[in-house]
Amino acid sequence: MKFALFSFFTFFFIISEAANKDQMALIRDHLKKSEEATTKTLMGDKAIFHAALAENIFIEHEINDSDLEQEIQLKLIGAFRLVRQPKNAKKHLKKLLSLMVKESQSSSKRYLLNSGRLGSDYLNWGELDSALKYFELANESANLYGKSVYKASTLNNIGLLYERKKDWEKAIQYYNYASSTLQFNNDVDSILLTSINDNKANYYFEKKDSIKGIELLRANINFLLNRPKEYKKVMQYSFRLFHLLIQRKNWQESSNLLVIMKPFLLMGKRDWNLENKIKYHEANVKFISHFGDKSILLKEYKILDSLKSLELHIKDQQRILMNNTMVDYFLLSANREIEREKEK
C-alpha cells in the first residue's frame, strides 16, 4: 500500500514537473516574441500582449521561479515604456524591485538601474519625495555594487531633484560630487560627464554666469563630435547652445552650429529624426529671419509646415495603436480575474 502511494505521488510529481516545464517553455516563447516586438519591430501592442500572456500563464500555473518572474516584469516595463504608458510601467517596476529585495538582490546591477529608473519617473511626474526615496535606494545599491559610473549617475540624479526644488546650492554640490566620483577609465565616464556638465550649466545660467555655462556646452559638443553613436547628445547640446548664441547675437558660431548639426539629422529612429528635423528648421528660420532673405525664409517655412503635418499624422497613428494596446491588456487582466473567481 505504502509503495503504491509512493508510486502515485512520484508519478504525480513527474507529471506536474513536466507540465510546469511545458508552461515555462510557453512563457519563454511569449517573452521572446515580446522582446522581438520591443527591439526589432517597435510594436508596443504586440510586446505588451505577449508579456501579459506570459505573466498570465505564470500566475495561473503558480510557477515558482523568481528569475523568470523578474524577466516577465522587465518585459512588461519595456513594453509599456515603448507605448509611453509610464504609470503602468511604474506598477511593474515596483513589483520587480520588491521581488529583488525578497531575493536579497539589492546590491545587483538590475536593482540599482531599476530603482534609479523609478526615481527618474517620479521626478518627471513631480513627486519629489518618492523620487528622493528611490534615488537614495539606488545610491545605497551603487555603493554596494562598487562601480563609479553608477554612483556618479545617481548623485547627478539627486542634483537634478534639488534643481527641480530650486535649491541651486545643493544641486551644484551633488553635481560636483558626481563629477569627482568618476574615474575616467573609459569613454562611459567621459560621456556621463557631459550630462553632469549640462546640469552644471543650468546652475551657471541661473546665477547669471552665462560665460561659464556656454563654455561647458561648447566643451560637451567638441568632446562628442568624434563619437557618432552619441548623436542624440550632440543635437541636444547643439540646439541649446544655438539658442543661447542667437540671444547673444553671435551669428558666426550660430551658423557653424547649423553646419555641425546637419549630418546628425540622418541618424536615429524615425520619430527622433523627425523631431530633430523640426527643431533644426525652426533654428534655421530663427537664424535667417535676422538677415531678411525672404525667399529662403519662405522655403524654410514650407519645409517646417510639411514636417509638422507629418508629425501630427504619426502622433494620430500612435494614439490609435496605444488605445488598441490598452484594450488588449485590460481584456487579459479581466479574463484573469474571471478565472480566479471561478476557481473560488
> Given Asn220 and Lys233, is the side-chain contact (heavy atoms from CB on, under 4.5 Å) satisfied, shown in steps?
Replying inline: CA-CA 9 Å; Asn220 279 355; Lys233 285 183 179 291; over 6 Å; no
> Which is it for Arg248 and Ile211 under the side-chain contact (heavy atoms from CB on, under 4.5 Å) test, yes or no, and what are the steps along the way?
Replying inline: CA-CA 11 Å; Arg248 296 167 72 87; Ile211 292 172; 4.1 Å; yes
> Can Ser115 and Phe135 be said to form a side-chain contact (heavy atoms from CB on, under 4.5 Å), step by step?
Replying inline: CA-CA 7 Å; Ser115 52; Phe135 284 148; over 6 Å; no
> Given Ser120 and Trp125, is the side-chain contact (heavy atoms from CB on, under 4.5 Å) satisfied, shown in steps?
Replying inline: CA-CA 9 Å; Ser120 294; Trp125 299 326; over 6 Å; no
> Should Tyr134 and Tyr122 be marked as a ring-ring contact (aromatic ring centres under 6.0 Å, His included) after you check the CA-CA gap, both sets of side-chain angles, and the distance that decides it?
Replying inline: CA-CA 9 Å; Tyr134 284 101; Tyr122 277 118; 5.7 Å; yes
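Looking at Tyr175 and Leu155, their side chains never come closer than 4.5 Å, going by heavy atoms from C-beta outward. Using a 4.5 Å heavy-atom threshold, the side chains of Ser254 and Lys286 count as separate. The side-chain heavy atoms of Ile158 and Lys170, taken from C-beta on, include no pair separated by under 4.5 Å. Looking at Leu217 and Arg240, their side chains come closer than 4.5 Å, going by heavy atoms from C-beta outward. Put simply, the side chain of Phe242 reaches to within 4.5 Å of the side chain of Phe287, judged on heavy atoms. Counting heavy atoms from C-beta on, the side chains of Ile246 and His243 never come closer than 4.5 Å. You'll find the side chain of Lys75 stays beyond 4.5 Å of the side chain of Ile72, heavy atoms only. Residues Leu257 and Ile221 are in side-chain contact: their nearest non-hydrogen atoms beyond the backbone lie under 4.5 Å apart.
At a threshold of 4.0 Å, the pair Glu55-Lys95 counts as salt-bridged, since one of the basic side-chain nitrogens sits closer than that to a carboxylate oxygen. A salt bridge links Arg218 with Glu253: the distance from a Lys NZ or Arg NE/NH1/NH2 to an Asp or Glu carboxylate oxygen falls below 4.0 Å. With respect to Glu36 and Lys46, no salt bridge is recorded, no charged nitrogen being found less than 4.0 Å from a carboxylate O. Under 4.0 Å is where a charged nitrogen must lie from a carboxylate oxygen, and between Arg81 and Asp121 at least one such pair does. Electrostatic pairing of Lys133 and Asp129 does not count as a salt bridge here, judged by no charged N lying under 4.0 Å from a carboxylate O.
Rounded to the nearest 0.5 angstrom, Gln70 CD and Tyr111 OH are separated by 11.5 Å. Rounding to the nearest 0.5 Å gives a distance of 11.0 Å between CD of Glu71 and CZ of Phe58. Between atom CD1 of residue Ile27 and atom CD of residue Glu69 there is a gap of 10.0 Å, rounded to the nearest 0.5 Å. Atom CG of residue Leu96 and atom CG of residue Leu118 lie 10.0 Å apart, to the nearest 0.5 angstrom. Atom CG of Leu128 sits about 6.0 Å away from atom NZ of Lys165, to the nearest 0.5 Å. Taking CD of Glu230 as the start and CD of Gln236 as the end, the distance is 11.0 Å to the nearest 0.5 Å.
Of the possible donor and acceptor atoms, one in the side chain of Asn114 sits under 3.5 Å from a partner among the backbone N and O of Arg110. Remark: side-chain polar atoms of Ser255 are not paired, donor with acceptor, to backbone N or O of Trp251 under 3.5 angstrom. Side-chain atoms of Thr194 come within 3.5 Å of backbone atoms of Ile191 as a donor-acceptor pair (strictly under, hydrogens ignored). Not one N or O on the side chain of Thr181 forms a donor-acceptor pair closer than 3.5 Å with the backbone of Ala152. One N or O on the side chain of Arg164 and one on the backbone of Leu123 form a donor-acceptor pair closer than 3.5 Å. No donor-acceptor distance shorter than 3.5 angstrom exists from the side chain of Asp29 to the backbone of Ala25, with no hydrogens or angles considered.
A side-chain N or O of Asn156 and one of Asn199 form a donor-acceptor pair less than 3.5 Å apart. No side-chain donor from either of Asp189 and Gln183 sits under 3.5 Å from a side-chain acceptor of the other. Residues Tyr203 and Lys212 bring no donor and acceptor atom of their side chains to less than 3.5 Å of each other. Judged purely by distance below 3.5 Å, without hydrogens or angles, the side chains of Asn256 and Gln252 pair a donor atom with an acceptor atom. Counting only N and O atoms by type, the side chains of Tyr162 and Glu169 include no donor and acceptor under 3.5 Å apart. Using modelled atom types, one finds a donor on one side chain and an acceptor on the other under 3.5 Å when comparing Ser179 with Lys200.
Residues Leu76 and Ala52 come closest through the heavy atom pair CD2-N, 3.8 Å. Shown here for Ser34 and Ala47, the closest heavy-atom pair between the two residues is OG-O, 2.8 Å. Here the closest heavy-atom approach between residue Leu31 and residue Leu68 is recorded as CD1-CD1, 3.9 Å. Across all non-hydrogen atoms, the minimal contact from Ala131 to Leu161 is CB-CD1, 3.7 Å.
When the salt bridge (charged side-chain N to carboxylate O under 4.0 Å, His left out) test is applied to Lys151, no partner is found at least two apart in sequence or on another chain.
Atom NZ of Lys262 is surrounded by 12 or fewer heavy atoms from other residues, nucleotides or ligands within 6.0 Å.
Aromatic pair Tyr177/Tyr174: centroids less than 6.0 angstrom apart.
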